[in-house]
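Have a look at the structure below before the remarks.
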There are 2 protein chains.
Amino acid sequence: MARTPAPGTRDTILTAAAGLFYEHGVRAVGMAQVVEAAGCGKNLLYKHFPSKAELAAAYLTLSRREWERSVTEALRWSADPAERLISLVTEVAESVQRPGYRGCPFRNYLTEFPGETDEPARVAEAYLADSRAQVNRLVTGAGGSGLLADRIWLVVNGLYSAEPAQAQVAVDWITELVRGDA
Amino acid sequence: MARTPAPGTRDTILTAAAGLFYEHGVRAVGMAQVVEAAGCGKNLLYKHFPSKAELAAAYLTLSRREWERSVTEALRWSADPAERLISLVTEVAESVQRPGYRGCPFRNYLTEFPGETDEPARVAEAYLADSRAQVNRLVTGAGGSGLLADRIWLVVNGLYSAEPAQAQVAVDWITELVRGDA
DNA sequence: GTCTATAGTGGGATAGAC
DNA sequence: GTCTATCCCACTATAGAC
């Protein structure tokens, strides 16, 4: 009897893998662990993700998609670049304060695999470049200088590795900076 | 071929291990690689460092010692807290721009081993706490507020993961901040 | 005695066969 | 879904060179 494939098998596996990868790091998590957490067989996993690198790339792509969905949601309330930038930073600050926060998945991957040029590394680097460009666009759109964009990018970067308690400091500061310069 | 009666065997091994650990990450480097790079036997390695964790802890301790030596050197030219803070940040900025820079070894370790509480993790966390306290001390010594210290710590954190080209932006900004507030 | 070289242990990794 | 192949891991132990 040929069994019809379960509807969300790929998503189930990917979700399980994403949780493990984010919590423990990609390198520390084995495919067997993913199989156990997903509750599927190993063959099914390799059918959907032929290698660990592809699974890691899918994990990062999923992280990006989820993150950008919540950012888009946060930014849709205002068309003013300054307000949008503040909303974006607020979104970062909130994520940093969430329980279970363990750093930026993209920066983490690049730290775990320095000098790597495989697909997950490209996904991570593409996100960082796009994210940087978005900050630049919002700052200049708000009438801010390139220097201000550089400074705000420094603070955003710092936000990702600082203690969660400092998140509000960053939000307030950037609000002050972007409103004062706009 | 028995070489000279151990002139600096421990240092030779540790130096080799430190280079590999920093460049590729602790997790990615195997003890066999360390043996090969150090040009010694496996037995000797395990005599000096009974486990990989102890070798990693020694690597981080060495990194801290070297870093603090260059910081002490940079700070000895002024007794003024504001100038000392600027020198400290300049030192960070210079290290970030050095070829082969691959991030902060302590932050990197904690990213590679999230939630770990072994000796290397304690060394890394102790350094970060002490480093943060030093910034606090310098800022308040320069007449700056706790808020300014928080902000400067954000920028310093950001400096470690930003592109090297932004290092000067950070130095200039902190110079402006600490001189304006002092 | 101090070191190198090498063989080997148990475990866990990715990956694939059936 | 189980079972296996192959490899690399940290780590140990043995045997021999200087």
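Chain letters run A, B, ... following the sequence lines, proteins first, then strands; residues in each count from 1. Since this is a predicted model, take the numbers as computed values, not measurements.
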field: Distance flag, aromatic centroids of A:W173 and B:W173, threshold under 6.0 Å
entry: yes

- request: Do nucleotides 7-18 of chain C as a string where each nucleotide becomes B, S or -: B if the base has a protein heavy atom under 4.0 Å, S if just the sugar-phosphate does, - if no protein is that close.
  value: BB----SSBB--

For residues 132-139 of chain A, which side-chain donor-acceptor pairs fall under 3.5 Å, sequence neighbours excluded?
from	atom 1	to	atom 2	distance (Å)
A:R132	NH2	A:N136	OD1	3.0
A:R132	NH2	A:D150	OD1	2.7

Could you give the side-chain donor-acceptor pairs of residues 23-40 of chain A under 3.5 Å, partners two or more places apart or in another chain?
from	atom 1	to	atom 2	distance (Å)
A:R27	NH1	A:E112	O	2.6
A:Q33	OE1	A:G30	N	3.2

message: Salt bridge or not between B:E68 and B:R64? Use side-chain N to carboxylate O under 4.0 Å.
response: yes

message: Using whole Å, what does the distance between atom P of nucleotide D:dC11 and atom CG of B:L45 come to?
response: 9 Å

Inter-residue atom distance A:Q166.CD - A:Q97.CD, 0.5 Å rounding: 11.0 Å

